[in-house]
Structures are given as structure tokens and as C-alpha cells.
Number of protein chains: 2
Amino acid sequence: MVRQREFDKEKALDDAMELFWEKGYAATSISDLTAIMGIQRPSLYATFGDKEKLFEAALRKYTNLHASLIRTKLQHATSVKEAFRNLFEELIEEEYKNKVSKGCFCINTIIELAPHDEKFEILTREHEMYLSVIFQETLLKGIKSGELESNLDVKALAQALVVALIGITVLLKSHLERSFVDKSVTLILSLIK
Amino acid sequence: MVRQREFDKEKALDDAMELFWEKGYAATSISDLTAIMGIQRPSLYATFGDKEKLFEAALRKYTNLHASLIRTKLQHATSVKEAFRNLFEELIEEEYKNKVSKGCFCINTIIELAPHDEKFEILTREHEMYLSVIFQETLLKGIKSGELESNLDVKALAQALVVALIGITVLLKSHLERSFVDKSVTLILSLIK
DNA sequence: ATCGAAATATACTGATTGGTATAATATGAG
DNA sequence: CTCATATTATACCAATCAGTATATTTCGAT
């Protein structure tokens with residue numbers, strides 16, 4: 001090792017993640033990336049391989065962050081019902097705040113790349129399955145604490161909540177009126193008994 | 001008018017719709033389009049304007065077809081519950097049949113273009129709202145016929161069903177295991193009482 | 001102080017992008 | 001038959017694409 005890298009690799013990857021997240025794979029050019037990452041073209045290729053490798057690294061970073069964020073939010077709540085309500089409401093609040101709604105990087109990739117590239121089909125599928133596992137664990141805790149009914153179909157409910165989360169996230173990107181989103185969320189959360 | 005067009009405009013638009021639906025806006029080139037539409041480049045521009053205009057025409061054609069397809073399916077059923085069950089199950093069956101899952105052209109566009117182009121934000125939002133109206137009408141018929149409880153919150157339920165439909169459609173693109181999808185659908189449909 | 005390896009900056013590659021200019025062809029109106 | 005017009009086919013445009021060759025700079029090991 002002789003000359004040290006002048007930029008922060010993780011910071012650069014963060015910047016790439018944000019841009020791919022907002023614009024998708026095809027609509028993001030290498031020039032866009034080097035501009036926002038603040039590095040030169042050959043540095044990008046030397047550090048991250050090529051455009052697809054960089055995208056994959058960015059997506060993996062996102063799914064890890066996203067999973068641990070959701071896990072944390074669900075853990076730090078006294079009531080399971082309240083935890084899920086907060087999860088959905090914060091998502092809604094967040095998306096209405098931003099002018100350009102980026103949605104979920106993983107969902108965006110399911111739509112754009114999963115059907116055409118098995119690598120991303122697997123990566124995104126495993127993330128969604130992992131979310132349902134987190135949801136299951138949370139629901140189980142609620143049953144143990146006596147908050148939720150013991151005959152609840154935990155697996156089905158967790159999976160339905162993932163479906164709802166995805167549906168809501170997509171709808172938020174077209175700025176659907178707030179009451180539409182709120183009403184449907186309330187009804188779906190009523191499945192948690 | 002002197003020389004008649006040698007190709008069928010609606011047929012060509014159909015072909016463009018299929019390709020945009022499968023690959024999205026950015027990943028579809030004019031060369032891809034002229035190849036599948038079987039026409040020359042200047043014919044495409046003379047007939048449809050430019051790439052974005054062609055995409056918009058294709059999407060409008062899709063949303064019209066999609067809405068009337070769903071309306072028909074819901075009308076031609078004796079039971080409202082069965083009608084919604086069939087709607088979801090046929091969607092699932094269809095997506096598992098195809099090797100490349102195209103999903104829903106409107107949802108794909110919400111993800112790719114709605115956040116960056118108000119024209120598509122509005123177009124896609126209105127389609128999803130229209131679907132919820134079709135769902136509401138169907139649920140109301142079920143109440144009138146006595147099949148459904150009269151105190152049902154029709155609007156909220158219709159909107160929740162749209163959310164679920166979107167979530168399921170997205171998940172099908174990453175080829176999630178069948179039981180995941182089936183279980184969550186069954187639970188969500190249990191909201192129709 | 002010198003050498004070599006890695007990171008940098010500039011400039012370049014061939015291929016592809018969306019969009020057109022041009023010229024040949026077809027066809028109905030007069 | 002002739003002319004005007006719209007459609008066709010070919011060939012082209014500048015701009016941008018992903019990726020790289022080259023040359024310079026940096027800096028620790030010797």
C-alpha cells in the first residue's frame with residue numbers, strides 16, 4: 001500500500017445509494033454517480049468494479065440499513081399494535097414530507113431489475129422474506145405478553161402486513177390523497193387482534 | 001391525404017405497450033420499439049410524436065384495458081367474495097405462468113416515472129383511484145344483495161383491497177414462494193365480511 | 001533519496017442514444 | 001397525366017453511454 005485513497009469509500013457508497021434509490025439503475029449514468037460521489041471515473045471503477053457491481057453494493061447496504069431500522073422501531077415499542085401503527089404512520093409522514101418520493105430502494109429494484117436479472121430477484125425476495133420474519137417475531141412477542149390473541153395466524157398476518165407495507169409504499173409515490181392511505185392502513189391494522 | 005399508412009396504428013401501439021410494460025421507459029430504446037412494432041423510425045415519430053408521447057399513449061391504452069378487464073371480472077360473478085378471490089387468484093396464477101413477470105404497467109410507471117414527472121404521477125394516481133371506485137361499487141352491490149354486512153366501511157375496504165392488490169403484484173415479480181402470497185391474500189380477503 | 005505501487009486527473013474509445021434530413025415511393029384529387 | 005402530399009427507407013446527426021488507456025501524482029518501504 002503506497003498512496004492512500006483520498007475519499008471515504010462508505011461515504012461514496014452512501015451517495016451512490018441515494019442516487020440509485022432516487023433514479024433507478026438505467027436512468028443513473030456513471031457521470032451522475034461520479035459527480036455526486038465526488039470522485040473521478042477511474043476511482044469508481046477501481047473501487048467498485050462496474051456500474052452493476054456498484055448498484056448491487058448500494059442495494060445491499062440499503063437492505064441492511066432498512067432491515068435494522070425496522071427491527072429497531074418494532075423493538076422499542078411497548079405495544080405491538082402501537083408499534084405497527086407507528087411504523088406505517090412514520091412511513092407515510094416521511095413520504096409526504098419529501099418533495100420527491102424515493103419510496104423503497106428494494107421495491108424499486110423488484111420492479112426495475114428483478115424480472116430481468118436473477119441476482120436481483122433473489123436479493124430482493126430474501127429481503128422481503130426477512131421483513132416478514134421480523135414481523136412474525138414481533139407478533140409472537142405480542143402473543144406471549146398477552147396483548148394479542150393466542151390463536152392468531154402469525155405467519156399469515158406477518159406476510160399480509162408486508163404486502164400492505166409494499167402497497168402503501170408504492171401508492172405514496174403517486175401522492176395519493178392522505179385519507180386514502182390512512183383509511184386503508186387503519187383497516188389492515190385491524191387484522192392485528 | 002394521399003398515401004395510406006402501411007401498418008396498423010393500434011397494432012403498433014399494442015406492440016409498444018407490451019415492450020414498455022416489460023422493460024420500462026428508460027431501458028427501452030427507439031430501436032427496440034421500431035423492431036417490435038415492425039415500422040421505420042420516421043414512421044414512429046410521425047405517428048406518435050416522440051418516445052415520451054408514445055409511452056404515454058401506451059400507458060393510457062393499458063389503463064383503459066386494465067380497468068375494463070377488472071370491471072368485467074367483478075361484474076360476472078355471483079358472489080362478491082368469490083369475485084375478489086377469483087380476481088386475486090387469477091392474477092397470481094397468471095404471473096406464475098409467465099417466465100418473465102411483467103407485473104402491472106401502471107405500478108411499474110408509478111415506481112419509475114411518477115416521482116419525476118407530474119404528468120405520470122397524475123395519470124397513475126387516477127387509475128388507482130378508479131380501481132378503488134370499481135371495488136367500492138362491487139362491495140355496495142354485495143351489501144344490497146345481503147351478502148355483505150351493511151355496516152361495512154366500503155370506502156376503507158375498497159382502498160385496502162387496492163393496497164393489497166398492489167403489494168401482491170409487486171411481490172410476484174420477485175417470484176416469492178406461492179404459499180406466502182396465498183396466505184396473505186386469504187387473510188386480507190377475510191376483511192370482506 | 002529512490003523506487004514501485006496505488007490513486008489520481010485528463011482524455012479518449014467504440015457503441016448506442018433520441019431524433020432528423022433527404023430522397024424515393026406511393027396515391028388520391030384535379 | 002400531373003401535381004401535391006404523405007409515407008416510406010436509408011443514412012445521418014450531435015450527444016451521451018459505459019468503460020479504459022495514459023500519464024501524473026502521491027507516499028510508504030527500502
Side-chain angles (χ1 to χ4, degrees), chain A residues 1-60 105 108-109 112-113 116-120, chain B residues 1-60 105 108-109 112-113 116-120:
Chain A
M1 227 172 306
V2 279
R3 180 179 177 176
Q4 62 242 26
R5 196 185 284 119
E6 292 180 6
F7 62 93
D8 184 328
K9 185 177 173 179
E10 282 306 310
K11 168 72 168 54
L13 184 55
D14 261 344
D15 294 334
M17 181 185 79
E18 292 286 334
L19 196 59
F20 276 133
W21 184 358
E22 181 181 328
K23 306 194 11 165
Y25 180 79
T28 302
S29 72
I30 301 289
S31 299
D32 294 335
L33 288 164
T34 55
I36 212 166
M37 295 163 84
I39 66 177
Q40 298 299 325
R41 208 169 257 259
S43 299
L44 186 152
Y45 282 92
T47 311
F48 299 103
D50 59 11
K51 188 185 177 186
E52 193 182 300
K53 289 261 179 59
L54 174 58
F55 182 90
E56 187 182 340
L59 180 57
R60 285 188 188 279
F105 189 10
N108 298 353
T109 305
E112 186 184 7
L113 301 182
H116 311 100
D117 189 327
E118 199 182 6
K119 170 167 24 40
F120 293 112
Chain B
M1 228 171 307
V2 280
R3 180 178 178 177
Q4 63 241 28
R5 195 184 285 119
E6 293 180 5
F7 63 92
D8 183 328
K9 184 176 174 178
E10 283 306 310
K11 168 69 168 55
L13 184 55
D14 261 343
D15 294 334
M17 179 185 78
E18 293 286 334
L19 197 61
F20 276 132
W21 184 359
E22 181 181 329
K23 308 198 2 167
Y25 180 79
T28 302
S29 72
I30 301 289
S31 299
D32 293 335
L33 287 164
T34 54
I36 213 166
M37 295 164 83
I39 65 177
Q40 299 300 325
R41 208 170 256 261
S43 298
L44 187 153
Y45 282 92
T47 310
F48 299 103
D50 58 12
K51 189 186 178 185
E52 192 182 299
K53 289 261 179 60
L54 174 58
F55 183 90
E56 187 183 339
L59 179 57
R60 285 188 188 279
F105 189 11
N108 299 352
T109 305
E112 186 183 8
L113 301 182
H116 311 101
D117 189 326
E118 200 183 4
K119 170 167 26 35
F120 293 112

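The sequence lines fix the lettering, A, B, ..., with proteins before strands; numbering per chain opens at 1. None of the values given here were measured: they were computed from a predicted structure.
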Whole angstrom value for the distance that separates C1' of dG19(C) from CZ of R41(B): 7 Å
Restricting to non-hydrogen atoms, name the atom on E56(B) and the atom on K119(B) that form the minimum distance, rounded to 0.1 Å. OE1-CD, 3.1 Å
Testing dT20(D), dG18(C), dC17(D) for proximity to the side chain of S29(B), the answer is dG18(C)
What integer distance in Å separates D32(B):CG from dT16(C):C1'? 11 Å
Side-chain donor or acceptor of N108(A) paired with backbone N/O of W21(A) under 3.5 Å: yes
Ranking dT20(D), dG19(D), dT20(C) by distance to the side chain of I30(A), first place goes to dG19(D)
Heavy-atom nearest pair, T34(A) first then Q40(A), reads CG2-C, 4.1 Å
Taken to the nearest whole Å, CZ/F55(A) to C1'/dG19(D) is 19 Å
Rounded to the nearest angstrom, tell me the gap between atom CZ in R5(B) and atom C1' in dT8(D). 12 Å
Can you work out whether F7(B) or A26(A) has the more 5'-proximal nearest nucleotide on DNA chain D? F7(B)
Measuring to OP1 and OP2 of dT8(D), would you say a side-chain N or O of S43(B) lies under 4.0 angstrom away? yes
Rounded to whole Å, OH of Y45(A) lies from C1' of dT10(C) at a distance of 16 Å
OP1 or OP2 of dA9(D) less than 4.0 angstrom from a side-chain nitrogen or oxygen of Q40(B), does that happen here? yes
So does R3(A) reach the base of dT25(D) with its side chain, donor to acceptor, closer than 3.5 Å? yes
Grab the CD-C1' distance between Q4(B) and dA6(D) for me, whole Å please. 11 Å
Nearest to side-chain heavy atoms of K51(B), which nucleotide of dG18(C), dG19(D), dA21(D): dG18(C)
Just checking T28(B): base, sugar-phosphate only, or nothing, at a heavy-atom cut-off of under 4.0 Å? sugar-phosphate
K53(B) has an atom NZ; how far is it from atom C1' of dG18(C), in whole Å? 14 Å
Aromatic ring pairing Y25(B)/F55(B), orientation class (parallel under 30°, perpendicular over 60°, tilted between): perpendicular
On DNA chain C, more 5' by nearest nucleotide between G49(B) and E6(B) is G49(B)
Starting at CD1 of I39(B) and ending at P of dA9(D), how long is that distance when rounded to a whole Å? 10 Å
For R41(B) and S31(B), which heavy atoms make the closest approach, and how far apart are they? NH2-OG, 2.8 Å
